[in-house]
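Below is one structure; the comments refer to it alone.
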Amino acid sequence: MNKIYVIGGANIDIFARCYEDIIIRDSNPSSMTMSFGGVGHNIANNLVNLKEEVYFISCFSDDYFGKMLYDACAKVGFDMRYSFFNNAYPSSMYLAIMDKNSDMYLASSDMRIVENIKYEDFSFLQDIIDEDDYLVIDTNLSQEVINSLYRNIKGIKVTDAISANKVFKVKDNLQYIDILKLNLIEAETLLKHKLDDDAKIVAALRTLKAKGSKEVLITTRNGAYLASDKIYYFEHDAYDKDVKNTTGAGDAFLAAYTYACKNHFDVNKRVCFALAQAVLTVRSIETVAPLTVQDVESFMQECHFKGAILYNF
């Protein structure tokens, strides 16, 4: 009952953080770190840190990094029984160049092993996942696989658009998505127009709700909009303080929101809990900050997140 399944990628993440202004086509002094990441992995890891049991389903390369990744996921506490290996592609890798302010300047990825997964690898889930289970779908999967998962697998379907390049993978699936999270750029890309004031964002949320999604979240630098029974806006002024790494904030937000829904938080606490998790994540050098429920709830009290209803359906 109410199990959480995450289908997506696990990467080797390499981060280079430049000390000074970046000089193009030159060697820039920086600190460099390697860690485990990937959208699916990060969401699962955040949920495990919040003491949820998570079934993580992915394809791992049969190379050195793939075995390292698999073992690391199992060690963190993911249930790996449905993951599998493939020797056709190298391990998924992600490289990010961060500027001196710790904002992403450039990133590159090789995710062929995830992009080439077939729906047949997941079709057994039709007999396993129940209506009240949560199914988190990573849009790094191919369009064909994503379409099939939405249409054939039961469960409460949760999706992060991930990027402007991948947001179109949800375009024809909105009626199947129970919880959809986008940032402002992704929402603008999907709807093909600027969302530069409250009225336009409210109109965008109404449009996305009308296409069938039960709950739609649009996050901004200083808050989040939610369309569910009403359209809400929650804001805070904590994001810009002590930023260390912006990568992973969206994954943290969606994981926390999923946790809050599963544990029946009211609408106000759901969004505030997710915002608090995201803000604490950007204050950590790690892509997945080691946060407990108590950490997040204490920070919520400290920050006094404010919410308002913008529109009644």
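Since this is a predicted model, take the numbers as computed values, not measurements.
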Would you say [X]'s side chain and [Y]'s backbone share a donor-acceptor pair under 3.5 angstrom?
X	Y	result
Ser213	Leu180	no
Arg151	Asn147	yes
Asn28	Asp26	yes
Asn86	Cys59	no
Asn183	Ile185	yes
Asp133	Asp130	yes
Glu186	Ser163	yes
Ser109	Met93	no
Lys157	Val136	no
Asp121	Ile117	no

Given Tyr259, Phe253, Phe234, the one that forms ring-ring contact (aromatic ring centres under 6.0 Å, His included) with Phe273: Tyr259

Between the side chains of [X] and [Y], does any donor sit under 3.5 Å from an acceptor?
X	Y	answer
Ser92	Arg112	no
Ser35	Asp13	no
Asn263	Glu52	yes

Between [Y] and [X], is the closest basic N to carboxylate O distance under 4.0 Å?
X	Y	result
Glu286	Lys244	no
Arg270	Glu215	yes
Glu53	Lys3	no
Arg283	Asp242	no
Asp79	Arg81	yes
Lys100	Asp21	yes
Lys67	Asp62	yes
Lys200	Asp198	no

Do [X] and [Y] have side chains that get closer than 4.5 Å, going by heavy atoms?
X	Y	result
Tyr119	Glu144	no
Leu191	Thr207	yes
Leu141	Leu149	yes

Given a cutoff of under 4.5 Å between side-chain heavy atoms of I, L, V, M, F, W and Y, with clusters grown through shared members, what are the other residues clustered with Tyr94? Phe15, Met98, Met104

Check this for me: [X], atom [atom1], are more than 12 non-hydrogen atoms of other residues, nucleotides or ligands nearer than 6.0 Å?
X	atom1	value
Lys209	NZ	yes
Ile285	CD1	yes
Phe124	CZ	yes
Glu235	CD	yes
Gln175	CD	yes

side-chain contact (heavy atoms from CB on, under 4.5 Å) test vs Ile153 passes for just one of Ile129, Ile7, Ile137, Asp127, namely Ile129

Criterion side-chain contact (heavy atoms from CB on, under 4.5 Å) against Val216, the qualifying member of Ile179, Ile177, Leu205: Leu205

For the ring pair Tyr232 and Tyr311, is the centre-to-centre distance below 6.0 Å? no

Is the distance between the ring centroids of Phe60 and Phe65 less than 6.0 Å? no

Walk me through whether Tyr225 and Thr220 qualify under side-chain hydrogen bond (donor to acceptor under 3.5 Å, both in side chains). CA-CA 8 Å; Tyr225 296 80; Thr220 69; over 6 Å; no

According to a 4.5 Å side-chain heavy-atom criterion applied to Ile, Leu, Val, Met, Phe, Trp and Tyr, with indirect links allowed, do [X] and [Y] form part of one hydrophobic cluster?
X	Y	result
Leu95	Ile23	no
Ile22	Tyr19	no
Tyr70	Met34	yes
Val293	Val288	no

Looking at every heavy atom in both Asp160 and Gly250, which two are closest together, and how far apart are they? OD2-O, 3.6 Å

Nearest atoms (heavy-atom pairs only) where Ser91 meets Asp63: OG-OD1, 2.6 Å

Show the numbers, then the answer: is there a salt bridge (Lys or Arg N to Asp or Glu O under 4.0 Å) between Glu188 and Lys194? CA-CA 5 Å; Glu188 290 176 338; Lys194 278 286 185 184; 3.8 Å; yes

Side chain to side chain donor-acceptor pair (under 3.5 Å) with Gln277: which of Asn49, Asn46, Asp295, Asp251? Asn46

